[in-house]
Amino acid sequence: MHKKFLSLLLITVFLSGIAFADVTPDYLSKIIPVGSPNTIAGEHFTGKSFLAPLSVEQVGIFNVTFEQGSYNEWHIHHASKGGGQILIAISGRGYYQEESKPAQELKPGDIVNIPANVRHWHGAAKNSWFQHIAVEVPGENTSTTWHGFLPAEEYAKLK
């Protein structure tokens, strides 16, 4: 009897932990889906991120959800003509930073226009999940290169 109780208790604790880990804050968008774990570029994020493709025809539009403290590597969206990216913050709190400029806080409703060939990073604040819509601006000869993470000490200084 004691073994059955202990086994049941351990299974309950384990399953509760799994369920709790998958819970997202109430302030995340209920209209636009969080999506699935980001397997496309997930290795370029410091923590968990989720991706929900909203459109993949004509213009790529994606909802990107970052768990608190997750941000992506410095990267560049290259294009010989056109290109770049537009970010539309929809929930939570995050940051965007271009190379050689201070990081700027992003809150719902903020929009960032990122020209092609500009090195930058973006992601969640350390104490908040963050969602943004990422719009891929059509261009010619487009590609993305990744350039390593912002040092953790610098990220930790952000409020």
Side-chain angles (χ1 to χ4, degrees), residues 20-159:
F20 181 76
D22 292 338
V23 172
T24 56
D26 288 339
Y27 58 79
L28 291 180
S29 174
K30 303 296 185 234
I31 298 170
I32 298 171
V34 169
S36 302
N38 185 352
T39 58
I40 294 174
E43 71 273 10
H44 299 288
F45 290 68
T46 60
K48 289 182 184 175
S49 65
F50 302 86
L51 192 62
L54 305 177
S55 173
V56 292
E57 297 178 25
Q58 295 175 305
V59 175
I61 303 174
F62 302 87
N63 180 35
V64 183
T65 302
F66 301 78
E67 72 175 354
Q68 56 188 6
S70 177
Y71 58 96
N72 55 32
E73 290 184 49
W74 288 100
H75 59 285
I76 300 172
H77 302 285
H78 298 281
S80 60
K81 182 177 181 183
Q85 186 178 47
I86 300 168
L87 305 179
I88 305 166
I90 60 171
S91 70
R93 194 169 68 85
Y95 292 98
Y96 166 79
Q97 184 177 15
E98 287 183 13
E99 187 171 38
S100 303
K101 294 184 179 179
Q104 65 184 70
E105 183 179 38
L106 297 178
K107 294 180 182 174
D110 290 340
I111 298 172
V112 180
N113 288 279
I114 307 166
N117 307 310
V118 171
R119 188 173 182 232
H120 65 281
W121 69 268
H122 38 101
K126 56 188 157 213
N127 60 356
S128 176
W129 285 64
F130 178 60
Q131 286 181 300
H132 67 55
I133 302 297
V135 179
E136 296 176 352
V137 178
E140 295 177 11
N141 303 310
T142 61
S143 65
T144 301
T145 57
W146 300 93
H147 299 273
F149 291 105
L150 174 75
E153 314 81 65
E154 289 184 40
Y155 176 79
K157 292 177 187 176
L158 299 173
K159 294 180 180 182

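Summarising the geometry, atom CG belonging to N113 is positioned 5.0 Å from atom CD1 belonging to I86; distances are rounded to the nearest 0.5 Å. In this structure, H120 NE2 and H77 NE2 are separated by 3.5 Å, a value rounded to the nearest 0.5 Å. Atom OG1 of residue T145 and atom CG of residue N117 lie 9.0 Å apart, to the nearest 0.5 angstrom. In this structure, CG in L51 is found 7.5 Å from OG1 in T39, a value given to the nearest 0.5 Å. Remark: Y96 OH to I114 CD1 distance equals 4.0 Å, nearest 0.5 Å. Atoms NZ and CG, on K157 and L150 in that order, are 10.0 Å from each other to the nearest 0.5 Å.
Summarising the geometry of Q68 relative to A124, their closest heavy-atom pair is CA-CB, 4.2 Å, with the distance given to 0.1 Å. Among all heavy-atom pairs drawn from G83 and A116, the shortest one is C-CB, 3.9 Å. Between G69 and Y155 the shortest heavy-atom distance is CA-OH, 3.2 Å. Of all the heavy atoms in F45 and A41, the pair that sits closest is CD1-O, 3.2 Å. The two residues A52 and G35 come nearest to each other via the heavy atoms CB-CA, 3.7 Å. When all heavy atoms of S91 and Q131 are compared, the pair lying nearest together is OG-OE1, 2.5 Å.
Dense packing is recorded around CD of E43, with more than 12 heavy atoms of other residues, nucleotides or ligands lying under 6.0 Å away.
V112 is not listed as a side-chain neighbour of Q85, based on a closest heavy-atom distance of 4.5 Å or more. Two residues are said to be in side-chain contact when any heavy atoms from C-beta on lie closer than 4.5 Å; E105 and L158 fail this criterion. Annotation: side chain of Y95 is not in contact with side chain of H122 (no heavy-atom distance under 4.5 Å). Under the 4.5 Å side-chain criterion, counting only non-hydrogen atoms from C-beta, P108 is not in contact with I90. Proximity of V59 to P138: side-chain heavy atoms (C-beta onward) are separated by under 4.5 Å at one or more points.
Relative orientation of the W121 and W74 rings is perpendicular, given thresholds of 30° and 60° on the angle between their planes. Using the six-membered ring where Trp is involved, H44 and W146 have ring planes that are parallel, under 30° apart on the 30 and 60° scheme. In this pair, Y71 and F149 present their aromatic rings perpendicular. The plane angle is above 60°, beyond the 30 to 60° band. Using a 30° and 60° split on the angle between ring planes, F130 and H132 fall in the perpendicular class, above 60°.
Side-chain N or O atoms of S80 include one that pairs as donor or acceptor with a backbone N or O of E140 at under 3.5 Å. No donor-acceptor pair under 3.5 Å is formed between the side chain of K48 and the backbone N or O of P37. Distance alone, capped at 3.5 Å, is enough to place a donor-acceptor pair between the N63 side chain and the P33 backbone. The backbone N or O of K101 lies less than 3.5 Å from a partner atom in the side chain of Q97, making a donor-acceptor pair.
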For this session: Dump the intermediate steps for side chain to side chain contact (heavy atoms under 4.5 Å, CB included) on N38 and F50, then the final yes or no.
Result: CA-CA 5 Å; N38 185 352; F50 302 86; 5.8 Å; no
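A centroid separation of 6.0 Å or more is found between the aromatic rings of H147 and H75.
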